Structures are given as C-alpha cells and as structure tokens.
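Okay, so here's the structure we're looking at.
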Amino acid sequence: MQPTVGRTNLERVKTLLWACIGVWTVVTVARFGHGIGATSGLTDVAPWGFWIAFDVMAGVALAAGGFVIAAAVYIFGLERYHGFARPAILTALLGYIAVAVGLLYDLGIPWHIWHPMVFPQHHSVLFEVAMCVMLYLTVLSLEFSPAILEHPLFHRPVFQRLLQFIKRITIPLVIAGIVLSTLHQSSLGSLFLIQPFRVHPLWYSPILYVLFFVSAVGLGLMMVTLEALLSAWLFGHRVRTDLLAGLGRVAAFVLPLYVVIRMGDLWRRGILPEALDGSWQAGLFLLELLLSAVIPAVLLFIPRVRHSVPGLATAATLVVFGMIGYRFNICIVAFDRPENMPYWPTWTELAVSVGIVAGAVLVFIFFNENLRIVDEHGPAEPVPASRPAAPTPEGPGFYTPALRRHSLAFVIAAALAVGFLPEDALFGPRPRPTPVRLARSLEALATPAPPPLRRSFHVSSLAGNVPRAAEPVATRVLVVDGNRDWRFVPFTHDDHIAALGDQESCRLCHHQNMTFDQHSACYECHRDMYEVTDTFDHALHIRKLSDSRGCTVCHSPEIDRRSRDTALACYECHGDMVVRGSIIPTVERKLVGRAPGYMEAMHGLCIRCHADLARRAPERYAEFDRCDVCHREFQDTDHRRMAPYVPMPPGHVSADAMRSQPSAPAAVPVPRPAATTRPEGRP
Amino acid sequence: MSTPDRGDPMFAILTDTTRCTGCETCVHACQRTYNLPPDRAWRWKQKIDDLSSSRFTTIIRRPGSKFVRQQCRHCLQPACASACIVGALRKTELGPVIYDEKRCMGCRYCMMACPYGIPRYSWEAKVPLVRKCILCYDRLKAGGQPACTEACPYGATIFGRRDALLAEARRRFAAEPGKYFTPPGRSGPEIYGEHEVGGTCVLYISDIDLSFLGWRPNLGDEPLPALTWAALSKVPPVIFGVAAAMSGVYWIIGRRMKLQAEAAQRAAGGPGATGH
C-alpha cells in the first residue's frame, strides 16, 4: 500500500493520459459517425494531413529504435545494451500498432485495410510499405512475446514449449525485422518520389529513401535514449548514463552522416544556393537541419555532454522533434498547394493522434507494471515507489482512488470535448453558407451583337474600350451576381419591364407577399446562393394564432405526424402570395416557406420563359435558352477593374475623348466617372 | 462511331479552347450521366465550380473571357494508377483511367500523385470515394462517345482516336497560323498533352498559355511512374543484401566472441572450465 498514490509523477501522467483518452473517444465517435470531412481539415489539395504526417510518417520513424537496438544487441553482439532491447521492442510494437490504428482513422474505407493483401499492386510504393509494416508487426509481436509468455499466467507446458521455440528463432526474427525495417523506413521516403512537382526542391530528392533510412537510424537511437530517460523519471529507475552515452556516440556519427548526405545531394543537383536564398522555405530547411541533426550531433560529440542526463535529454528531444519536423515538412509544410487553400489541422485531428499516443503510453506503462520489461537482465531494480497497490479484499476493492481519479479525468475530458466539438463533427458535414447580396445597378453601353446574344455589354466607366463605330447605346443593367464571385448576368431590367407590360409586370417575376412591398428583391428571401433558406417563422404563427384553434389552423387534426409538408400551404391563407399569370412557380412547389437557393430561383425564373420563347417564336428567339445568352462576361477584359492598367487597343477611343467631342455620331451619354453601384434600381 | 478495336491506338478528347464559350453544357451532361449530386459549398471547396465530387469536369475561367475545360487527362502512364496500392485505378486499353470503388481503401495516394491535381474525394460522405472523370468508359465500350463531347454545342471538345485528334490539331494549327498560342522559345503552337508526363489522352489546343493546368508550368515529358520504379526496383537486392550482411556480421562476431571466450578460458588455464 502506498499512501502517496496519486501524488507521484506516474499517477499524474496517467491521469493526464486518461483525460486524453476521454477526448479521443469522443472524437472517434464523431470521426466514424460523420466521416473524415466533418472531423478533419483535409481538402482535395491536402489529401494527406496531420494523421499521415504524424501517425504514419513520424510514428514509423519513432519506432525505429526497435530494429536499431535489436541489431546492436543480437547481431553486433553488444550485450551490454541488452537491457534496452525489450523496452525498445515494446516501443516499436506499440508504435506500429499506433500506426495501424492511426491509419484506420485516415483511410476513407478503413474496413478495406486488408485489400492490399488480396489486390496487390506492386508498382505502388505504398504497397511495399503496407506489406513491410504488416510483416514487421508480426515479427515484433513474436520478438516481444517472450515477455508475455514469461508471466505466471502462462506457466503451462504448451506455452513454455512455444517460448523455447520463439527463443530459438530469435536471430532469424531479428534479421527479418532489420530487413523489413530497412525496406519500409526507406520506402516512406520513396512515397514522395512521384511528386516532384509538389514537394519543395529542398526536400525532394531522388535519394529520399536513403535520407529517410539514415535519419530513422539516428532518430531510433535518440528515441531509445529519450524513452530510457522518461521511464527512469516515471518509474524511479536509475539512469544508465554510461550505456546511453554509448548510444549517443553512435548517433554522433549517424547524424552528421545524414547531414552530409542531404547537403551533398543538394550540392550534386545544384540546389544548394536555394537553401540560402532567404525564402521561408530556406529558413525552415536550415532550422530543421540545425535542430534535427547539426546541434544534437555537436552536443553528442562532446563526451562530457553525452555522459550527463540534461545533455542527453536535450540532444534526444531535439532529434525527436527535429526528425518529426522533417516528416511534417515533406508531407505538409513544403508540399505545394494553392496559396488560397492552406491546410490547418483541426483540433479533432490532433486529438486523435494525441489519444493514440496516450493509449500506447498507457499500454507501455501497464506492461512495465506487470511484465519484466526494463529489468530483464542484471540486478533486479527496486520496486517502483509508484507501483499501484494490487486490490486487496480488505482494501478499497476494485474502485481504487486511482481508478476513480482516472474515470473522473476521462469523463470530464470527454464532456469538454463534446462541448468544443465543431458543428460539422457534431451534426455531420454541412455546406458553408454563401450569403447572397443585392444585385447592383450599373450604367453600361450596349453594342449590337449577332443573335442569339443580340447585344454585348460594356462597363460605361470603361467606355474607352468600345469602338465608336460599334454604335454603343447607353443602357442600365442589373448586375446579378448574388455571391459576388464575378460570374454575373448583366440583366436589362428596363427592357424586361418594357417587354412584359410596363408597371403591370412587376407581379410576373416578383413575389407580392411581403408587407407593403409589391416587388420584393429576390435576395431578401433566397438568402443563400445554393442552399434552401427557411423563411417561415413558426413561433410568430403560434403567437398570432394563439386562440383555441391554434395548431389546427395549419395542421389538420386528422394527420398524426405534424410537419411542414403535411401542413396547409402558405398561400391557402396568404392568398396574395400567388399572382395570376405569374412566372414564379409557386403553386406547384406548394410554397411552405422553403426558399430555394438563389441560383436555383433565378434559373427557375428565367430559363422557363426563355425556353418558352425559343420554342414559340424561333424566328426571333432562336437559341434563346442557351446559357451564354444570359451568362456573359462584359466585353472588356476589365470587369475586375483591371482596365486602367491594360493598354488600349489601337483604333479605340478613350472615354475622355468621347466626352470632349459633342459631335460624336452616336449620342452616347457621358457615363459617370466610375463604375458606380447603387441599390437595386426599382422601376 | 465504330466499335472499339483492340489494335487501334487509344481514344482521346481534343479540346479547342478557342471554340469554348464556357456554357457548361458538357458539365451538365456529365452530371446527368453519372447522376451527380448538386454542387454545394462544402468546406473543402474554394469555388463552387471547382472540380469536385459533384463535378468530374468543369470550366476554368481565365482573364479575357477565355474558358478551359478541366478534367482527368487519362495519362498514357498515369501516376495515380501506379500509386494506387490496390489497383483500384487502372489504365484501360481503350484509353480511360477507370476507378473500381469496390477495391479502393481510401488512402488518397492517387490524389497526392496526380501531376494535374485532378482526383477529388467525396469528403462529405461517410463512405467516401475518389471521384474523377472516367472518360465514360462504359459508353466507349458500347461504341459510343463520352457524354461531354456529345453534348458540346460548339464542337469545342471532340472525341476520337488519339492519333486522329493529333492530326486534326495540327491541321487547325496549319489552317489558321498565328491563332494558337506558341510557347516561348518554340517555333510553333503545341498540343498540350501530346508529350506532357509521357502524353495524355486529353489534348488541348489554345490561344492562351495552358501551363497553369499542371502543378508546375513545365511538367516535362518523363512519365512519373518511372521515378518511383527507380527506387522500387532496388527492393529485391536490398532484401538479400541486408539479410546476407546481417547474417554474415552475426556469424563473424559470434565466432570472434567464441574465440575470445576460448582464449580467455585458456588464459585462465582451467581446461575443465566450461564456456557457457
């Protein structure tokens, strides 16, 4: 019994880890309930993000300690590192399981994860990586199985025979592990060979596989070091600085080798100057190289530093974070995507990765507490002061204070996570709103054009682009581009009024149901460019109809399931919503307060008439239903107001020149000096 | 349209951007053919009319009322198909690069590999799939032509055998000299897609520079799968080399340690002492 349980480092760390697991659980439900799009920041230009960069790329590299130490101990006969072998193999095993679990989150169809085995495509690097990781996971399990089989639980002859067999095949297993690790550690680099256009030249290299392998060896050594220091801190072990210094000395040769190969490759391909050109990529490259290899190598080269705990800890931390950074840079930061579509991971993405790591660490701690991991050989270590007491009948039983604390951390973290979940993750992905804005009224010049277009429009303020010979006529157009994406319809409102019967014609195209408004502007109800807007105010109707008849005014008492679709259509009370002869398709849509997207509303309104005209009067309106009859660019290149910077073509008159010549053949009214906008012109 | 014959060169599409008015009839024909959902403003879309899981083809608007149809290029040696871990993407003999959603596991390596950034993902779905133009493979097999080329009212995008379309493009270059864009440093206009990354089945001729269609302005003529193969072909030697080296080292070091132990034993002088 330890009265101080809960006050130790180990207990604090475990509580924290359980909180991470709580968040992870919530995010997991969201990820598999609503899909990747709802829970990640991934896009079509960033198909691989944090999950691949951290869980897979960095995860595999961090687990490289397993094969490096196994090689040192079993192949090179460096027996004194035997004590590191089991923790390193356990870390590798948990690391690879974490990689596999992380992949399940990233794969769009995770239940097809076994497909590479039955549909092999051996031209894919990813196929090689998948096969190696799978086989290596098996090898690691076998390498680690003695630790489990030694447990009293397995003290049966059959298990002991199995244990003897596995111990006998240790060397072939270790060699297989080294071969597989060599292959897939390097192949993770080869994954990017096919993207010479997207990976920044400072990171892209035809020998990426060599760089990934060498950096993984260096990282593996430092990861084992960091892990030994951390578990010493957690479990109260003595730090074997003499042994760790030995690892550091090897790393002090591997890391410079990595730097030399990387720089040598840049130099050979003539890209070295780019590393010093002052761009942010160059800065990032130098920083990454300094932190991941140069500084740690210098530190480890000094015997006094590599024999001290702070020195080792600093070097190991730098290498671990630096090499993770290397993977991130290739996969995300130095990976080309359009500037207007940056990739930022969502917190839910980070929570998945943190949760997987937390789970792995908890399993690591569990194995350390229950199996012989650290003290496999050599003198038995003192029992960690923090080892939790086994539940005893007279003690608190199963519900130890520690368990209560862990559960509490789990529940609170999970509750907080639910509270902070983004809307998409909570309710499923929903399109972003595209608010619609008022159509603008604009002075334009119209020039005759061949049918079916009949006229071309030019922005008046840029009238300099219109040749005088083209006989421009001043006209007013509504620029219909609700979402201001510069794909507009220059709509000649006045001409449509004239064609449809002057002041009487408003009702043909405009709803008439808004209070004191005979021609409500379209954007007032069709508020989203693509999505349906709900214009029905249920609460208001309840208030207005709050007499005994209440609900049954709209909801027939015979209908059990009251819904909008089983209720009375709006126009059955608000008769003025439907106008005789109107073009608006109101009655057939049953009009229950759902205003379709602006684009759909506009298309529905215009295309019907145009198609009708094209069919009924083909001699005048042939092809009048073609898209480009309405959807037009203004005829100058200038609609983004670039015109002042575009040289005028020869034979064109500037607007100023037109203004100063009152005797110009076509009486062109002098346009306003700038493309003015004013609220939608209402006749 | 004649029925496809295996011996013939591949089918292809030629898009002449000078004839395109940006009317999107091809887009709508495609959406109808594949029963695609309406375009919606998802988070992962910058523009509603970008290629997406609801648009296998779209029209890119360029300054000066220029329109360029965007779609899968159906490369002769597609990077996506070489990257696909399960062979869900496959180059067919007729030309189209097709997709088998029953095999796909959703790793999205194809989207990373494509030099044109074409494949899209249905991120909104719970079971998301890779979405891209498949050159109407089923219609081609049945002897027809793709829905887009059939729908184009201006003949801006046409369908045929790749060699016939290349000849047609050159004929247009010759018929109207100066009309089409000549890349800087070249003697005459060029067909975009004739040689890019080993050649594509979707060809373009244009009066504007089309280099914006790839991730880099100049994609080069080398097919991308070769870059990967340079590394992958080294796998067997690495397997045997590393295995042999490790076994050798194990044997040598083991033997040396044994000899050392024996020497130490002899030095200790105890013939009765045992090694282990």
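All values reported here derive from a predicted model rather than from experimental measurement. Quick note: numbers below take in every heavy atom, side chains included, and nothing from hydrogens, waters or symmetry partners. Note on naming: letters A, B, ... go to the chains in the order of the sequence lines (proteins, then strands), and numbering restarts at 1 for each one.
Counting heavy-atom pairs closer than 4.5 Å to chain A, the top-ranked of the candidates B:Pro225, B:Cys114, B:Ala243, B:Cys84 is B:Cys84. Contacts with chain A were tallied for B:Cys23, B:Ala245, B:Ser52; B:Cys23 has the most, counting heavy-atom pairs under 4.5 Å. Your options are A:Glu128, A:Arg626, A:His122, A:His34, and the one with the most heavy-atom pairs under 4.5 Å with chain B is A:Arg626. Counting heavy-atom pairs under 4.5 Å between each of A:Asn340, A:Ile194, A:Val179, A:Val129 and chain B puts A:Ile194 at the top. The greatest number of non-hydrogen atom pairs below 4.5 Å with chain A, out of B:Pro38, B:Gly22, B:Ala83, is found for B:Ala83. Looking only at heavy-atom pairs under 4.5 Å with chain A, the residue among B:Lys126, B:Gln46, B:Lys102 that has the most is B:Gln46. Note: B:Met112 leads B:Met112, B:Met111, B:Arg216 in heavy-atom pairs under 4.5 Å with chain A. For the set A:Tyr530, A:Phe127, A:Trp114, the count of heavy-atom pairs under 4.5 angstrom toward chain B peaks at A:Tyr530. Interface remark: of the candidates A:Asp106, A:Ile178, A:Ile36, A:Asp106 forms the most heavy-atom pairs closer than 4.5 Å to chain B.
Contact annotation for A:Pro338: both backbone and side-chain heavy atoms come within less than 4.5 Å of a heavy atom of chain B. Contact annotation for A:Trp111: only side-chain heavy atoms (C-beta onward) come within less than 4.5 Å of a heavy atom of chain B. Contacts of A:Arg430 with chain B are made by backbone atoms alone, with heavy-atom separations under 4.5 Å and no side-chain atom involved. Using a 4.5 Å cut-off between heavy atoms, A:Ile207 does not touch chain B at all. Both the backbone and the side chain of A:Pro196 have a heavy atom closer than 4.5 Å to some heavy atom of chain B. With a 4.5 Å cut-off on non-hydrogen atoms, A:Phe32 does not touch chain B at all. Heavy atoms of B:Leu219 lying under 4.5 Å from chain A belong to its backbone as well as its side chain. For A:Val199, the part lying under 4.5 angstrom from a heavy atom of chain B is the backbone only. The contact between B:Ile85 and chain A is made by backbone and side chain atoms together, counting heavy-atom distances below 4.5 Å. Both the backbone and the side chain of A:Pro116 come within contact range of chain B, with heavy atoms under 4.5 Å apart. In this structure, chain B has heavy atoms under 4.5 Å from both the backbone and the side chain of A:Phe76. At a 4.5 Å heavy-atom cutoff, the contact between B:Met257 and chain A is made by side-chain atoms alone. Looking at B:Trp42, both its backbone and its side chain come within 4.5 Å of chain A, counting heavy atoms on both sides. With a 4.5 angstrom heavy-atom cutoff, B:Ala226 does not touch chain A via any of its atoms. In this structure, no portion of B:Ser233 lies under 4.5 Å from any heavy atom of chain A.
Looking at B:Cys107 and A:Leu126, their side chains come closer than 4.5 Å, going by heavy atoms from C-beta outward. Contact check for B:Glu24 versus A:His631: no side-chain heavy atoms found under the 4.5 Å cut-off. A 4.5 Å side-chain heavy-atom check between A:Tyr74 and A:Ile171 finds at least one atom pair inside the cut-off. Using a 4.5 Å cut-off on side-chain heavy atoms (C-beta onward), B:Asp16 and B:Thr157 make no contact.
Note that SG of A:Cys331 and CH2 of A:Trp51 are 13.5 Å apart. Values are rounded to the nearest 0.5 Å. Between A:Phe213 atom CZ and A:Gln185 atom CD the span is 8.0 Å, to the nearest 0.5 Å. Atom CZ of residue B:Arg90 and atom SG of residue B:Cys80 lie 12.5 Å apart, to the nearest 0.5 angstrom. Distance check, rounded to the nearest 0.5 Å: CD of B:Gln265 to NZ of B:Lys258 gives 11.0 Å.
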Note to self: Test salt bridge (Lys or Arg N to Asp or Glu O under 4.0 Å) on B:Arg55 and B:Asp39; report intermediate values, then the result.
What the structure shows: CA-CA 8 Å; B:Arg55 273 183 189 236; B:Asp39 301 319; 2.9 Å; yes
Note to self: Determine whether B:Thr58 and B:Gln70 satisfy the following criterion, side chain to side chain donor-acceptor pair (under 3.5 Å), listing intermediate values before the conclusion.
What the structure shows: CA-CA 5 Å; B:Thr58 192; B:Gln70 173 75 309; over 6 Å; no
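The number of heavy-atom neighbours closer than 6.0 Å to OH of B:Tyr250, taken from other residues, nucleotides and ligands shown, is 12 or below.
Screening residues 40-52 of chain B for salt bridge (Lys or Arg N to Asp or Glu O under 4.0 Å), with sequence neighbours left out, gives A:Arg487-B:Asp49, A:Glu531-B:Arg40, B:Asp50-B:Arg120.
Here the side chain of B:Ser53 pairs no donor or acceptor atom with the backbone of B:Ser122 at under 3.5 angstrom. The main-chain N or O of B:Asp207 is never found under 3.5 Å from a side-chain atom of B:Lys179 such that the two would form a donor-acceptor pair. A:Arg80 contributes no side-chain N or O that, together with a main-chain N or O of A:Leu78, makes up a donor-acceptor pair within less than 3.5 Å.
Ring geometry for A:His115 versus A:His112: interplanar angle under 30°, hence parallel rather than tilted (30 to 60°). Taking the six-membered ring where tryptophan is involved, the planes of A:Phe212 and A:Phe192 are tilted, since the angle between them lies from 30° to 60°. Between B:Trp123 and B:Trp44, the ring planes lie tilted relative to each other; the angle falls in the 30° to 60° range.
The stretch residues 39-47 of chain A places A:Ser40, A:Gly41, A:Leu42, A:Thr43, A:Asp44, A:Val45, A:Pro47 near chain B, each with some heavy atom under 4.5 Å from a heavy atom of that chain.
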